[in-house]
**Q** 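Sharing a structure with you now.
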Amino acid sequence: MRTGGQLLVEALKSQGVDTIFGVPGIHNLAVYDALVNEPAIRIVTTRDERGAAHMADGFARGSGRPGVCLTVPGPGVTNALTAIGEAYADSSPVLLLASELPTDTVTRDREDFHQLRDVEQVLGAVTQWGTRPASASEIAPAVHDVFHRFESGRPRPCYIDLPIDLLNARSDIPLAPTTPRADHGATNRQAIDSNAVIDALLAAHRPLLFVGGGAWKATTTLREIVELLCLPVVMTNSGKGIIPEDHPLSLGDGWMTHQLGREALEQADVILAIGVRFGPLTTSWWTRRLPGRLIHVDIDPTEIGKHTPVSIGIVGDAQQVADALMTELRTRQPSGRQPWLDIVDVRERRRAAIRKRAPDAVATLEGLRRVLSDDTLVFNDINGIACWGAGAFVCRQPRTFHYPIGYGCLGFALPAAIGAKLARPELPVVVLTGDGGFLFSGHELATAVQERVSLTVVVFNDNAYGTIKADQGYRHPGRSIGNDLRSPDFVRYAEAFGVRGCRVDSVSKVPELVAKALDQRSTTLIEAPCPQVLPPWIEIEDR
Ligand SMILES: Cc1ncc(C[n+]2csc(CCOP(=O)(O)OP(=O)(O)O)c2C)c(N)n1
Ligand SMILES: [Mg+2]
């Protein structure tokens, strides 16, 4: 006889889950109980459910494997929502295991303890799919269904709402097989007309590859295609490093919304876009016109042509499409191709432009790049320094620079970094946050210490929500309100958690200190002063 909690844990284990981030409560204790003698799964207890969900997201970003978090009903679910919203916006596979009130209460508005009315609608806003099992026998199939969705379609969060009566119920239900029952993504896929795509790219005068976060698994093949076709490449912020940003054909991160960043995209006559969602920061809030023919590849059929008219739309997995294109290219053997624009010149002009806008931020990020190994995972909040990382921090490997780009959620960086470090303990992990954003989730330093994960956290302190203060001053000159902060002593704050804290008197010293801190192999918090700068999304040139 197994409890529903045991059936859940067995199913998770069979899917390779080895870490669950969560907070216990009376409704999910059957799950905790099933973990008592389960060495294959580590339970990481966090300081609120938002932390748990960000950690699950960071775990997924760091490892490429789905992250799992576990909550109590009601406030546990709503606490997790913000972080699930970020995972949704950034296409990160997170499974939210929401424990739930008894089955006979859920559908009645009883205002029971922890009851969240319309929980499906609430969770539906930030998940691609979810279910509430009607019996214990449906628990394991629900888990397998979720994992199959993560593998076969766009990897966005899913939830399973687990009534306490099912988690506690004992039954002799056999373990459910992991074989998928339906193919959620592939059914929508079409045959790839690689002929037409290669024809278009070969006939183009100014072809360009535009890669987004959805293409990260196809890194090697995409690089072969780029080199064979001599294709200039622009990456989105989530796609940073899919082709090394200092590769001779790379124009880098296309987020820089001023004219120089947009030039190549606007000049291209054929754009092959793979795993790009044409989000607001990439497109300057959809004002960017792309006059060229667009070949848009995405695993999510709803993305094709959503914002930008396409001439060829392909629904498919980036790796499969890249493989098909590569097979076709081998038969064509293109040779003697040259890039149609001076890539180094564009890169240098762009760098000079951002250096003029944010000299200290750019110097700090360049200094960090020099001391950090290419595989270091950098987790950013939105702050005056980190937001310039798009243009100033050169990534040579995919998924090494993480920014809450889709939902823009302050407080993401620290817990997401903890999740990533737990997934990839062998990699150095650095957090770049501000005095404001850090305190959205700074208490998760307790989890870092408790779980013995070592990170280097840089808090850029300007005693303000500085990015917004600068923005406010730009839009409403001479009128400043609501953005000044009286920050605590971050060194003593860190020490209270058992973390080493230190302070530097100049932001220019940050790279050197980060390098030293990473050598220590324990968590260090570095507080640094920082200048206020206008964020890159303000398009000075366009005014
Ligand atoms: C959850 C959430 N609340 C508010 C914001 C708006 N916001 C964006 S940047 C920012 C300021 C961040 O301040 P800090 O972390 O100190 O960095 P700084 O801008 O001062 O460098 C704010 C409030 C947000 N992005 N997310
Ligand atoms: Mg600040």
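Counting convention: from 1, in listed order, for ligands and their atoms alike. The figures that follow rest on heavy atoms only: side chains count, while hydrogens, waters and symmetry mates do not. Source: prediction; values computed, not measured.
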**Q** Taking side chain to side chain contact (heavy atoms under 4.5 Å, CB included) as the criterion, tell me which of Leu432, Asp381, Val457, Asn383 meets it with Phe438.
**A**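 In the set Leu432, Asp381, Val457, Asn383, the residue that makes a side chain to side chain contact (heavy atoms under 4.5 Å, CB included) with Phe438 is Val457.
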
**Q** Can a donor-acceptor pair be found between the side chains of Thr19 and Arg42 at a distance below 3.5 Å?
**A**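 Not at all, the side chains of Thr19 and Arg42 share no donor-acceptor pair under 3.5 Å.
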
**Q** So, Glu527 and Asn461: side-chain donor and acceptor under 3.5 Å apart, yes or no?
**A**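 On atom types as modelled, these side chains qualify, holding a pair under 3.5 Å.
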
**Q** One pair to check against ring pair (Phe, Tyr, Trp, His ring centres under 6.0 Å): Phe401 and Phe393. What are the steps and the verdict?
**A** CA-CA 9 Å; Phe401 185 87; Phe393 191 82; 5.7 Å; yes

**Q** Checking Ser238 against Thr236: is there a side-chain donor and acceptor pair closer than 3.5 Å?
**A**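 Judged by distance alone, the side chains do not pair up.
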
**Q** Side chains of Thr302 and Asp300: is there a donor and an acceptor less than 3.5 Å apart?
**A**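 Note: Thr302 and Asp300 side chains meet the donor-acceptor criterion.
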
**Q** Once you measure the plane-to-plane angle for Phe150 and Phe147, does it fall in the parallel (<30°), tilted (30-60°) or perpendicular (>60°) bin?
**A**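 The rings of Phe150 and Phe147 stand perpendicular, inter-plane angle above 60°.
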
**Q** How are the rings of Phe113 and His27 set to each other: parallel, tilted or perpendicular (split at 30° and 60°)?
**A**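 Phe113 vs His27 ring planes: parallel.
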
**Q** Name the residue from Phe210, Trp286, Trp285 that meets the ring-ring contact (aromatic ring centres under 6.0 Å, His included) definition with Phe278.
**A**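 The single option meeting the ring-ring contact (aromatic ring centres under 6.0 Å, His included) with Phe278 is Phe210.
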
**Q** Distance below 2.8 Å from the Mg ion (ligand 2): how many protein N/O/S atoms qualify?
**A**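 Protein heteroatoms (N, O, S) closer than 2.8 Å to the Mg ion (ligand 2) number 3.
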
**Q** Given a heavy-atom cut-off of 4.0 Å, could you list the residues near ligand 1 in chain and number order?
**A**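 Close residues (ligand 1, cut-off 4.0 Å): Ile382, Asn383, Gly384, Gly408, Leu410, Gly434, Asp435, Gly436, Gly437, Phe440, Asp462, Ala464, Tyr465, Gly466, Thr467, Ile468.
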
